[in-house]
Enquirer: 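What follows is a single structure, and I will ask about it in a moment.
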Amino acid sequence: PDITEQEFQGFVDDKITRRFPDGLTILSGKGQFKDSANVIIQEGSKLVILLYPFSKEASANVDAIRTDYKGAFQQQSVLRVDEPTCVSF
């Protein structure tokens, strides 16, 4: 189902910010994927960028966010990409 901006922001506030209160970046875009029935689905997408010191707890929090998102919005999958990086603010 289409997810409204309000629904998504509520999820961010409720599920992501409480686990990663130091900040995040959200990018909006258009995506497509092949579902389990081999049908190409095109839909709006969100990319959430989290920068944090790696730990088992932080990694588990990211997986919990993915699980919560799949359940809340009836998604088959939620992409996760981990990449070590060096950042400075």
Side-chain angles (χ1 to χ4, degrees):
D2 290 333
I3 301 164
T4 67
E5 288 296 322
Q6 294 81 9
E7 289 171 320
F8 185 75
Q9 188 60 53
F11 182 85
V12 169
D13 295 344
D14 225 25
K15 303 295 184 177
I16 302 177
T17 301
R18 72 179 174 87
R19 291 181 172 111
F20 294 94
D22 291 338
L24 54 92
T25 299
I26 300 171
L27 305 175
S28 296
K30 292 182 180 181
Q32 73 177 38
F33 66 97
K34 189 183 298 186
D35 71 7
S36 59
N38 283 334
V39 175
I40 299 292
I41 305 293
Q42 296 178 337
E43 63 184 6
S45 63
K46 299 287 189 185
L47 174 65
V48 178
I49 301 170
L50 295 169
L51 302 175
Y52 57 90
F54 182 81
S55 69
K56 286 184 179 183
E57 179 183 2
S59 182
N61 280 333
V62 171
D63 277 338
I65 290 166
R66 294 170 67 223
T67 298
D68 289 347
Y69 191 87
K70 286 188 275 188
F73 300 113
Q74 297 82 49
Q75 299 295 301
Q76 293 178 9
S77 63
V78 174
L79 176 68
R80 176 178 178 170
V81 176
D82 292 300
E83 186 174 306
T85 190
C86 180
V87 298
S88 177
F89 291 94

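We number each residue from 1, following the sequence as shown. Just the heavy atoms: all of them, side chains too, but no hydrogens, waters or symmetry mates, feed the values below.
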Enquirer: Among Ile, Leu, Val, Met, Phe, Trp and Tyr joined by side-chain contacts under 4.5 Å, find the other residues sharing a cluster with Val87 and list them by chain and number.
Expert: Leu27, Leu47, Ile49, Leu51, Phe89
Enquirer: Please name all residues satisfying side chain to side chain donor-acceptor pair (under 3.5 Å) with Gln32, sequence neighbours left out, ordered by chain then number.
Expert: Gln42
Enquirer: Does Glu57 have any salt bridge (Lys or Arg N to Asp or Glu O under 4.0 Å) partners at least two apart in sequence or in another chain, and if so, which?
Expert: none
Enquirer: Does anything in residues 14-25 form a side-chain hydrogen bond (donor to acceptor under 3.5 Å, both in side chains)? List the pairs, not counting sequence neighbours.
Expert: Arg19-Asp68
Enquirer: Go through the structure and list residues passing ring-ring contact (aromatic ring centres under 6.0 Å, His included) with Phe33, not counting sequence neighbours.
Expert: none
Enquirer: With Val81, which residues qualify under side chain to side chain contact (heavy atoms under 4.5 Å, CB included), at least two apart?
Expert: Leu79
Enquirer: Taking only residues two or more places apart in sequence, or in another chain, which ones meet Ser55 in a side chain to side chain donor-acceptor pair (under 3.5 Å)?
Expert: none
Enquirer: Can you give me the closest heavy-atom contact between Ala58 and Pro53, atom names plus distance?
Expert: CB-O, 4.0 Å
Enquirer: Scan for salt bridge (Lys or Arg N to Asp or Glu O under 4.0 Å) pairs involving residues 79-89, sequence neighbours excluded, and state none if there are none.
Expert: Asp63-Arg80, Arg80-Asp82
Enquirer: Considering residues at least two apart in sequence or located in another chain, which fulfil the side chain to side chain donor-acceptor pair (under 3.5 Å) criterion with Asp35?
Expert: none
Enquirer: Going from CG on Asp2 to CD on Glu7, what distance comes out if it is rounded to the nearest 0.5 angstrom?
Expert: 9.5 Å
Enquirer: According to salt bridge (Lys or Arg N to Asp or Glu O under 4.0 Å), who are the partners of Lys46, at least two apart in sequence or on a separate chain?
Expert: Glu5
Enquirer: Counting C-beta onward and ignoring hydrogens, is there a side-chain heavy-atom pair between Val48 and Tyr69 closer than 4.5 Å?
Expert: no
Enquirer: Thr67 versus Val78: any side-chain heavy-atom pair under 4.5 Å?
Expert: no
Enquirer: Could you grab the distance from atom CD1 of Ile3 to atom CZ of Phe73, nearest 0.5 Å is fine?
Expert: 5.0 Å
Enquirer: Does Phe20 have any ring-ring contact (aromatic ring centres under 6.0 Å, His included) partners at least two apart in sequence or in another chain, and if so, which?
Expert: Tyr52
Enquirer: Quick one: side chain to side chain contact (heavy atoms under 4.5 Å, CB included) partners of Lys34, sequence neighbours excluded?
Expert: Asn38, Ile40
Enquirer: Strictly distance-based, threshold 3.5 Å: is any side-chain N or O of Gln9 a donor or acceptor partner for the main-chain N or O of Gln6?
Expert: no
Enquirer: Are Ser36 and Gln76 packed together at the side-chain level, in the sense that at least one heavy-atom pair is separated by less than 4.5 angstrom?
Expert: yes
Enquirer: Might you point out which heavy atoms bring Gly31 and Ser45 nearest each other, and give the distance in Å?
Expert: N-OG, 3.9 Å
